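Model, not experiment: these values are computed from the prediction.
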Amino acid sequence: MAVRRITNNNGGEAAEPQHPHRRGAWIARLIHGQLISSDFFSRNWLAIFAACILMLLYITNKYNCQTKMEEIRRLNKELEIVKTERIRVRSIYMSRIRESSMQELIDSLHLNLHVQEQPPYRLPSR
């Protein structure tokens, strides 16, 4: 053990034992319950309780945010599907409206034209 010499107020020297710092000393003190005593917990119970509540609130908030973000992603995908379906249905509707309005116009002008029942086909060339 190393000894350090110090002088006291009377001018004399006194020996003070000096403990070398060991790496595992604080781990051993933690394991044996000497690093944080029960007296520390009894004095600071309110602060420890508040810290635990804040940690629980943080975890709850993070979980809620993650679930809401997943729901937003799911709803955005559903919205895209509904938008494309709306565009498809609208185009079908518009083509039917054009066809019926053209048929009404032809009928009002008495042109004697009709919608062809068979689709057009290409004649083979010789």
Side-chain angles (χ1 to χ4, degrees):
M1 186 165 13
V3 176
R4 186 175 67 159
R5 301 266 180 215
I6 58 170
T7 58
N8 58 13
N9 290 342
N10 299 340
E13 289 187 10
E16 178 182 309
Q18 189 177 28
H19 298 287
H21 293 282
R22 292 179 294 176
R23 288 194 136 202
W26 67 273
I27 294 174
R29 287 181 61 205
L30 179 66
I31 290 172
H32 294 292
Q34 295 172 348
L35 191 63
I36 300 175
S37 65
S38 61
D39 188 39
F40 171 79
F41 288 108
S42 65
R43 282 192 318 256
N44 300 312
W45 70 271
L46 186 61
I48 294 170
F49 181 73
C52 290
I53 294 296
L54 287 175
M55 286 190 324
L56 288 175
L57 287 174
Y58 172 76
I59 292 169
T60 304
N61 187 33
K62 187 172 181 177
Y63 174 76
N64 284 337
C65 287
Q66 286 177 344
T67 55
K68 295 296 181 185
M69 291 297 288
E70 288 174 9
E71 184 178 0
I72 288 170
R73 279 189 219 104
R74 183 185 57 82
L75 290 174
N76 278 334
K77 286 180 183 178
E78 188 177 328
L79 179 64
E80 288 298 320
I81 292 169
V82 169
K83 280 182 177 181
T84 56
E85 182 67 19
R86 181 187 64 90
I87 291 171
R88 187 186 68 79
V89 169
R90 186 173 187 270
S91 68
I92 291 172
Y93 174 74
M94 292 304 284
S95 69
R96 288 183 181 165
I97 291 233
R98 278 191 219 111
E99 185 178 331
S100 64
S101 65
M102 290 301 288
Q103 187 64 39
E104 286 176 10
L105 180 64
I106 289 171
D107 289 343
S108 69
L109 294 175
H110 305 292
L111 295 175
N112 200 17
L113 296 174
H114 301 285
V115 177
Q116 192 176 12
E117 296 297 323
Q118 291 183 340
Y121 61 92
R122 180 171 276 187
L123 295 172
S125 62
R126 292 187 187 195

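Residues satisfying the side-chain contact (heavy atoms from CB on, under 4.5 Å) test with Met55, not counting sequence neighbours, are none. With sequence neighbours left out, the side-chain contact (heavy atoms from CB on, under 4.5 Å) criterion links Ile53 to Phe49, Leu57. For Leu109, the side-chain contact (heavy atoms from CB on, under 4.5 Å) test picks out Leu105, Leu111, with sequence neighbours left out. In this view, Glu99 satisfies the side chain to side chain donor-acceptor pair (under 3.5 Å) rule with no residue, not counting sequence neighbours. The side chain to side chain donor-acceptor pair (under 3.5 Å) check on Asn44 picks up nothing, with sequence neighbours excluded.
Screening residues 61-87 for side chain to side chain donor-acceptor pair (under 3.5 Å) gives Glu85-Arg88 as the qualifying pairs, with residues at least two apart or on separate chains. Residue pairs meeting the salt bridge (Lys or Arg N to Asp or Glu O under 4.0 Å) criterion with at least one member in residues 34-43, sequence neighbours excluded, are Asp39-Arg43.
Distance check, rounded to the nearest 0.5 Å: OG of Ser101 to CZ of Arg96 gives 14.0 Å. Rounded to the nearest 0.5 angstrom, Ile106 CD1 and Met102 CE are separated by 5.5 Å.
Side-chain contacts under 4.5 Å among hydrophobic residues (ILVMFWY), followed directly or transitively, place Met94 together with Tyr93, Ile97. Tyr121 belongs to a hydrophobic cluster whose other members, connected by ILVMFWY side-chain contacts under 4.5 Å either directly or through intermediates, are Leu123.
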